[in-house]
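Here's the structure we're looking at; comments come further down.
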Number of protein chains: 2
Amino acid sequence: MDSDAKRRVTAADVAKRAGVSRSAVSRAFTEGAYLAPAKRALIEAAAQELGYRPNAMAAGLQGRRSNLIAIFVGEMANEYDKEVAAKLISGLNEAGKWPIVIGGSGDAARDAVNNVLRYPLEAMILRSGSLSTDISEACGKLGIPVIASGRVLDAAGVDNVCCRNQEAMAKGTELLIQRGRTRFGYISGPAGFGASAERKSGVIETLDMSGLALHADATGAFTVQSGYDAVMSLPNCAALDALICANDAMAIGALGALRERGRTVPEDISVIGFDDISMAKWPSIQLTTLRNPINGLVSSILDLLDRRQSDPAKASEMIWLDAEVILRATH
Amino acid sequence: MDSDAKRRVTAADVAKRAGVSRSAVSRAFTEGAYLAPAKRALIEAAAQELGYRPNAMAAGLQGRRSNLIAIFVGEMANEYDKEVAAKLISGLNEAGKWPIVIGGSGDAARDAVNNVLRYPLEAMILRSGSLSTDISEACGKLGIPVIASGRVLDAAGVDNVCCRNQEAMAKGTELLIQRGRTRFGYISGPAGFGASAERKSGVIETLDMSGLALHADATGAFTVQSGYDAVMSLPNCAALDALICANDAMAIGALGALRERGRTVPEDISVIGFDDISMAKWPSIQLTTLRNPINGLVSSILDLLDRRQSDPAKASEMIWLDAEVILRATH
DNA sequence: CGATTATGTGAACACGTGTGCACATCGGGG
DNA sequence: CCCCGATGTGCACACGTGTTCACATAATCG
């Protein structure tokens with residue numbers, strides 16, 4: 001009324017309005033609490049009228065679940081990362097968890113994480129390799145469970161979800177071998193990522209088992225442009241009849257470059273990617289690829305979260321996801 | 001020690017460890033507070049050792065800024081939406097604000113918003129038209145400022161950032177007219193969105209001023225597939241020499257369809273889009289488009305937030321952003 | 001009707017922090 | 001030596017909620 005800054009409506013205000021005690025208001029908003037139905041209706045009407053909502057901060061202080069989850073997503077430059085982030089956010093929302101999202105890298109990201117850790121988080125979900133050990137260490141001290149995906153994080157109290165990169169690439173390579181391809185090229189991901197090594201070795205080992213070897217080998221940065229550049233600078237491009245890319249973005253770039261260099265896909269040369277990002281099924285692309293299962297990833301993360309919350313002291317868990325071969329028009 | 005669930009380290013713990021009062025610990029962590037340097041160092045060492053961080057919930061209860069901002073992003077199906085969300089999150093992080101992200105639509109999203117509103121938010125950023133009036137009403141009752149973008153929201157206490165859609169499309173249309181194009185087609189966005197109408201009228205009015213009119217007119221869903229479908233089902237596709245699309249995704253779909261129908265871009269027919277999503281500059285696409293300025297959008301939102309916080313009672317503000325013509329290879 | 005139980009409710013405490021206020025200590029000037 | 005200002009610091013309160021505990025009232029049974 002007289003105060004200048006509009007103060008937030010509090011349970012005491014509702015109590016006064018409804019002519020009951022403040023405790024009754026609190027009970028009206030807690031699930032299991034006992035309260036005379038008539039009084040509950042009265043309180044709800046008053047609350048509705050005043051636009052009251054229990055203050056989650058005060059409730060959290062009281063020992064209630066905070067329902068806050070931090071997600072560290074890194075740069076989100078990658079298309080796949082953005083899709084995962086979007087699905088993860090929706091999934092958490094549906095589970096009644098509210099994600100605080102932290103992006104970026106370097107010192108700024110480190111500061112951001114340190115500040116967000118001041119909130120009583122129920123978990124920290126890591127979607128980026130950078131800073132992951134630092135973050136998980138800090139979370140460990142605070143008793144905040146960590147769920148890592150993408151990059152495997154081997155530490156106490158850290159649960160992991162990871163795609164079987166090597167097996168997936170083996171399946172993809174097998175597909176092209178059965179199709180009669182023999183002269184393979186490979187565009188790898190940047191060296192820092194664990195997934196890069198696993199995917200590449202999946203290709204090489206499978207080729208080896210059939211007595212084949214890589215005829216060309218380039219390294220990209222997981223971006224479309226880098227896939228394009230890699231193919232444009234390939235010396236023996238014309239000699240290849242199969243090109244496997246460490247992710248879809250580079251495969252899409254490669255498709256454009258192959259067209260420019262006069263190769264026709266798939267008659268002339270087969271191309272497959274990895275991830276199955278949404279662009280892979282665009283009409284003008286129709287990329288054959290290995291699906292890095294986003295829905296499975298999200299539901300696994302939610303499962304791990306659930307299990308961790310029901311038993312905070314349980315041993316670290318590791319969930320492996322299988323990739324599925326998605327046949328489209330480039331194999 | 002003896003308690004089973006690892007209790008969070010509290011200021012009292014640090015105080016005991018450092019042999020000081022709890023107040024001193026609190027002061028050690030507040031910017032302007034006075035404390036003997038020697039004692040501060042002592043406290044910081046103890047805090048470091050125990051992994052202590054002030055509990056943001058208790059601090060927020062005390063009247064400290066919560067630094068929490070909600071972002072309602074809707075479905076995030078659109079590529080542009082995902083890019084905006086990513087940049088917005090980074091921008092907020094750099095400003096020391098922690099975004100709670102809410103996605104989805106319908107009743108689930110409504111519930112999610114209602115639950116997140118229990119936290120003492122500093123602002124609600126709306127990136128989706130759906131539910132926007134409901135949400136802004138609820139925020140108004142709670143005294144939470146609302147910043148809307150994309151869809152203009154005309155209500156008290158709501159600040160807006162919006163692109164000059166009509167003027168932008170006029171620029172794009174003008175470009176193609178000057179290039180000698182005369183037989184225009186247009187692929188519109190879905191009817192529900194305000195931007196759809198504005199963009200279309202920008203095209204039509206500009207054509208009209210030159211004595212031209214639309215020769216073909218289809219409606220898509222802002223997706224790549226819908227742009228592709230729209231062009232494939234165009235009866236008089238061969239008669240057109242210019243195609244303007246309400247966004248980049250549909251333009252990219254249209255490019256693929258035009259190629260299938262034997263038209264060559266840009267010799268035969270010009271194509272422009274709207275937004276300048278990251279795929280627009282992919283080597284195999286190189287779409288000429290109108291840049292819906294994401295960086296400007298994000299910095300405007302941050303500015304509005306800043307101004308609103310320094311003067312909560314200020315009048316609603318509306319910031320208009322100009323689109324820039326990005327010349328690539330399809331005009 | 002008296003006694004016992006079921007039912008509903010209000011007062012009081014706890015959560016962890018920031019901060020106003022009073023107090024202690026110390027140095028220096030008269 | 002005494003007094004006063006300056007500088008640090010501890011005590012206590014407030015924030016808004018959930019929940020325990022004791023109590024009041026109504027209902028049921030002997």
Side-chain angles (χ1 to χ4, degrees), chain A residues 3 5-43 46-47 50-68 115 117-122 142-144, chain B residues 3 5-43 46-47 50-68 115 117-121 142-143:
Chain A
S3 99
K6 232 165 60 179
R7 203 175 44 81
R8 186 179 169 117
V9 177
T10 172
D13 300 335
V14 177
K16 187 181 291 181
R17 174 81 159 216
V20 287
S21 77
R22 194 190 57 72
S23 314
V25 177
S26 179
R27 274 188 264 266
F29 280 88
T30 45
E31 200 71 23
Y34 201 92
L35 194 63
K39 188 168 279 193
R40 162 164 274 142
L42 195 65
I43 292 173
L50 268 58
Y52 167 76
R53 280 157 227 265
N55 184 334
M57 293 230 149
L61 203 55
Q62 192 54 28
R64 277 284 162 104
R65 311 216 79 106
S66 76
N67 289 325
L68 294 178
N115 277 304
L117 283 178
R118 295 160 86 114
Y119 295 87
L121 305 172
E122 296 190 3
L142 287 167
I144 297 174
Chain B
S3 97
K6 232 165 62 179
R7 204 174 43 80
R8 186 179 169 118
V9 177
T10 171
D13 300 334
V14 177
K16 187 181 294 179
R17 175 80 159 217
V20 287
S21 77
R22 195 190 54 73
S23 314
V25 176
S26 179
R27 274 187 262 267
F29 280 88
T30 46
E31 201 70 23
Y34 201 92
L35 194 62
K39 188 167 278 194
R40 162 164 273 142
L42 195 65
I43 293 173
L50 268 58
Y52 167 76
R53 281 154 226 265
N55 184 332
M57 293 229 149
L61 203 54
Q62 191 56 27
R64 277 284 162 102
R65 309 215 81 106
S66 78
N67 288 327
L68 293 177
N115 277 303
L117 283 178
R118 294 159 87 114
Y119 295 87
L121 305 172
L142 287 167

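So you know, we letter chains A, B, ... as the sequences are listed, proteins then strands, and number each from 1. None of the values given here were measured: they were computed from a predicted structure.
Distance, A/Arg65 CZ to D/dG18 C1': 15 Å, rounded to whole Å. The distance from atom CZ of A/Phe29 to atom P of D/dG18 is 9 Å, rounded to the nearest whole Å. The distance between atom CG of B/Leu42 and atom P of D/dT9, rounded to the nearest whole Å, is 11 Å. Between A/Met57 atom CE and D/dG16 atom C1' there is a gap of 12 Å when expressed in whole angstrom units. Atoms CG (B/Leu35) and P (D/dA6) sit 20 Å apart, rounded to a whole Å. Atom-to-atom, CZ of A/Arg22 to P of D/dT17 comes out at 7 Å; the value is rounded to the nearest Å. The distance from atom CD of B/Gln62 to atom C1' of D/dC13 is 9 Å, rounded to the nearest whole Å. Remark: C1' of C/dT7 and NZ of A/Lys39 are 12 Å apart, rounded to the nearest angstrom.
Atom CZ of A/Arg40 and atom CD1 of A/Ile43 lie 8.0 Å apart (nearest 0.5 Å).
Between the base of C/dG16 and the side chain of A/Arg118 there is no donor-acceptor pair shorter than 3.5 Å. One can find a donor-acceptor pair under 3.5 Å joining the base of D/dC11 and the side-chain atoms of B/Ser23.
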Report the C-alpha distance between A/Asn55 and A/Thr10 in whole Å, list the side-chain angles of each, state the deciding distance to 0.1 Å, and finish with yes or no for side-chain contact (heavy atoms from CB on, under 4.5 Å).
CA-CA 8 Å; A/Asn55 184 334; A/Thr10 172; over 6 Å; no

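Distances shorter than 4.0 Å separate none of the side-chain N or O atoms of B/Tyr119 from OP1 or OP2 on D/dG16. The phosphate of C/dT19 (OP1 or OP2) has a side-chain N or O of B/Arg64 nearer than 4.0 angstrom. Using a 4.0 Å cut-off, no side-chain N or O of A/Thr10 falls inside it from OP1 or OP2 of D/dC15.
By the 4.5 Å heavy-atom criterion applied to side chains, A/Met57 and B/Leu68 are counted as neighbours. Side chains of B/Lys16 and B/Leu50 form no contact here, defined as non-hydrogen atoms less than 4.5 Å apart.
For B/Val9 and A/Pro37, each mapped to the nucleotide of DNA chain C holding its nearest heavy atom, the one lying further toward the 5' end belongs to A/Pro37.
Nearest to the side-chain atoms of A/Arg27 among the listed nucleotides D/dT20, C/dA12, C/dT19 stands D/dT20.
Here the closest non-hydrogen pair linking B/Ala11 and B/Tyr52 is N-CE1, 3.3 Å.
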